[in-house]
Amino acid sequence: MPHGRNQHADHETYRKFEQEGLLFDDPRSLSWAGQDWGRLVTRPPLAVLRPRTAEDVAAFARFAAEQSCPLVPRAEGHSSAGQAQAAGGFVVDTRALDAVHEIGADRIVVGAGARWSRVLAETLPRGLTPPVLTDYLELSVGGTLSVGGIGGATQHHGLQVDTVLSLDVVTPDGELVTCSADQHADLFDNVRAGYGKYGIIVSATIRLIPAHTRARRYQLYYDDLSVFLADQRRLLAAGCFDYLEGQVDLTDDGTNRYQLELASFYSDQPPRRCADALAELAYHRGSEEIEETTYFEFLDRLADAERMLREAGLWDQCHPWLNLFLPDSQAESIVAGAVKDLVPADIGEGGFILVYPFHAGKVTAPRLELPDEPVVFLFAVDRESSCDDKATTQRMLIANELIHDHATAAGATTYLGAPVAAAPGSQPPVLS
Ligand SMILES: Cc1cc2nc3c(=O)[nH]c(=O)nc-3n(C[C@H](O)[C@H](O)[C@H](O)COP(=O)(O)OP(=O)(O)OC[C@H]3O[C@@H](n4cnc5c(N)ncnc54)[C@H](O)[C@@H]3O)c2cc1C
């Protein structure tokens with residue numbers, strides 16, 4: 001790499017990293033690190049560090065601290081608002097730190113750059129699984145532990161950050177520290193859901209539980225939001241399904257359908273324990289879709305959607321995403337206000353809307369800011385727009401801002417960071 005491209009390039013430590021082939025400032029690396037899934041914020045760093053070991057990260061962190069330069073970890077870059085970017089600083093590409101260090105009867109020690117699909121590839125043959133998985137498995141361990149990591153099993157186990165036993169972290173001043181609830185607890189509490197600001201996770205020890213081999217998945221449909229939410233609350237209280245989520249399905253005629261998604265995991269016979277709970281639900285009888293799959297097929301169900309979106313050219317478009325935690329008492333009015341009059345074009349072909357509840361008491365990681373009520377709903381309005389169509393993208397950003405401002409005034413909190421703001425002077429949305 002030629003010198004002089006940034007003000008740090010002549011420094012002895014910088015040159016040492018460069019000579020070892022760990023620092024990159026070629027256009028491809030800078031553009032990779034300056035962009036993310038959202039494609040709404042672009043801020044290339046000065047250079048990208050591709051460490052081989054935790055010690056590389058620590059040594060470079062000491063250098064960055066000395067130079068007062070931002071140092072930001074990034075793995076799969078599925079952020080939507082530039083969270084893993086480092087303008088005027090360095091990005092640490094953690095993807096190579098993906099080794100499985102140890103696996104035991106109740107835990108796995110894995111590098112922060114490993115994706116959850118890799119974790120499962122190690123644990124499932126041993127009959128074990130992480131308690132909570134995100135809907136999409138190609139996210140990194142470090143990436144989801146830095147935000148929270150929510151999924152349909154959160155109702156039972158909290159978020160992924162609540163299932164971590166300990167972390168190896170490089171602190172901003174370049175110390176490599178092992179932290180847990182008993183050891184350097186402040187660091188442990190700050191790093192989980194800390195968006196990479198309090199240290200770089202280099203490896204994580206994650207709790208494992210016995211895995212079933214099969215899943216029975218139910219999709220049940222409702223026309224009425226109030227009835228749908230009431231059934232979600234009833235199922236949360238019953239706790240008999242292993243997985244509980246839900247979606248708003250928009251239609252062109254402006255009528256919404258609400259889809260309850262449930263799953264039971266089993267190994268021999270499908271469990272009978274939820275039969276009573278199912279019988280009491282008020283979904284449209286006859287609308288139900290029931291599917292039997294392997295446990296892994298169920299967890300990996302977004303892989304097909306990803307393939308289709310990639311083929312349709314929608315995966316790499318702009319993603320104005322909004323993710324909120326709603327207090328139970330306000331959930332219905334916030335969701336009703338947000339989805340009223342929405343049609344599919346308002347969220348784009350690759351967009352989706354999720355709504356599902358969990359017990360706030362299951363969440364122990366203190367950095368996760370939740371509304372102060374026992375039951376909280378995740379509400380995600382995740383839109384997709386052509387990056388060439390700037391007017392539509394701006395309209396979506398403003399629509400998200402309106403929902404965000406209204407919801408937070410009613411006690412909601414943001415998840416995955418604040419949504420990207422629309423450009424000043426953009427026109428308010430004329431919702432279809
Ligand atoms: C298709 C899709 C589906 C998703 N589904 C879910 C879901 O079901 N549930 C859910 O909770 N989220 C979901 N997300 C959001 C996702 O969890 C976050 O965006 C997550 O941060 C992405 O992980 P990543 O490896 O891409 O992280 P990156 O985008 O690379 O980084 C994200 C953040 O984590 C920090 N970070 C990354 N690595 C480390 C590290 N080693 N140490 C410290 N900080 C680090 C970064 O600095 C940044 O702030 C989804 C995202 C997409 C695109």
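Atoms within each ligand, like the ligands themselves, are counted from 1 in listed order. Counting begins at 1 with the first residue of the sequence.
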Looking only at distances, can you tell me whether any N or O atom of [X], backbone or side chain, sits closer than 3.5 Å to an N or O atom of ligand 1?
X: Arg74; answer: no
X: Ser146; answer: yes
X: Tyr195; answer: yes
X: Gly143; answer: yes
X: Trp315; answer: no
X: Tyr415; answer: yes
X: Thr94; answer: no

Enumerated ligand 1 atoms positioned under 4.0 Å from heavy atoms of [X]:
X: Val147; answer: 17 (O), 21 (O)
X: Gln83; answer: 47 (O), 48 (C), 49 (O)
X: Thr144; answer: 17 (O)
X: Gly196; answer: 43 (C), 44 (N)

Identify, for [atom], the protein heavy atom at the shortest distance, and state residue, atom and that distance.
atom: atom 19 (O) of ligand 1; answer: His78 O, 3.2 Å
atom: atom 8 (O) of ligand 1; answer: Asp135 N, 2.8 Å
atom: atom 30 (O) of ligand 1; answer: Ala75 N, 2.8 Å
atom: atom 47 (O) of ligand 1; answer: Pro73 O, 2.7 Å
atom: atom 25 (O) of ligand 1; answer: Ser140 OG, 2.7 Å

Here's one to test your reading of the geometry: is the NZ or CZ of [X] within 45 degrees of the ring axis of [Y] and under 6.0 Å from its centre?
X: Arg192; Y: Phe188; result: yes
X: Arg39; Y: Trp321; result: no
X: Arg217; Y: Phe298; result: no
X: Arg214; Y: Phe265; result: no

Within the side chain of [X], is there an N or O that forms a donor-acceptor pair under 3.5 Å with the backbone of [Y]?
X: His359; Y: Val375; result: no
X: Asp26; Y: Ser29; result: yes
X: Gln83; Y: Ala81; result: yes

Is there a side-chain contact between [X] and [Y] (heavy atoms, below 4.5 Å)?
X: Leu324; Y: Phe377; result: no
X: Phe60; Y: Leu49; result: yes
X: Val355; Y: Tyr258; result: no

Within reach of ligand 1, part of [X] (heavy-atom separation under 4.0 Å):
X: Ser79; answer: both
X: Ala112; answer: side chain
X: Val72; answer: side chain
X: Trp321; answer: side chain
X: Ile150; answer: both

Can you confirm if the aromatic rings of [Y] and [X] lie within a centre distance of less than 6.0 Å?
X: Tyr218; Y: Phe241; answer: yes
X: Phe24; Y: Phe17; answer: no
X: Tyr136; Y: His78; answer: yes

May I ask which of [options] has a heavy atom nearer to [atom] than the others do?
atom: atom 41 (N) of ligand 1; options: Val161, Ile201, Thr154, Val92; value: Ile201
atom: atom 22 (C) of ligand 1; options: Val202, Leu302, Leu139; value: Leu139
atom: atom 5 (N) of ligand 1; options: Trp37, Tyr198, Tyr136; value: Tyr136

Would you say [X] touches ligand 1, if touching means a heavy atom closer than 4.0 Å?
X: Gly151; value: no
X: Gly149; value: yes
X: Gly199; value: yes

Mind telling me whether Trp37 and Trp315 have parallel, tilted or perpendicular rings, with 30° and 60° as the class edges? perpendicular
Please lay out, stage by stage, how Arg52 and Glu20 fare under the test salt bridge (Lys or Arg N to Asp or Glu O under 4.0 Å). CA-CA 10 Å; Arg52 295 157 304 195; Glu20 288 178 14; 3.0 Å; yes
Handout entry: Working for salt bridge (Lys or Arg N to Asp or Glu O under 4.0 Å), residues Glu66 and Arg62
Key = CA-CA 6 Å; Glu66 215 180 275; Arg62 288 193 288 278; over 6 Å; no
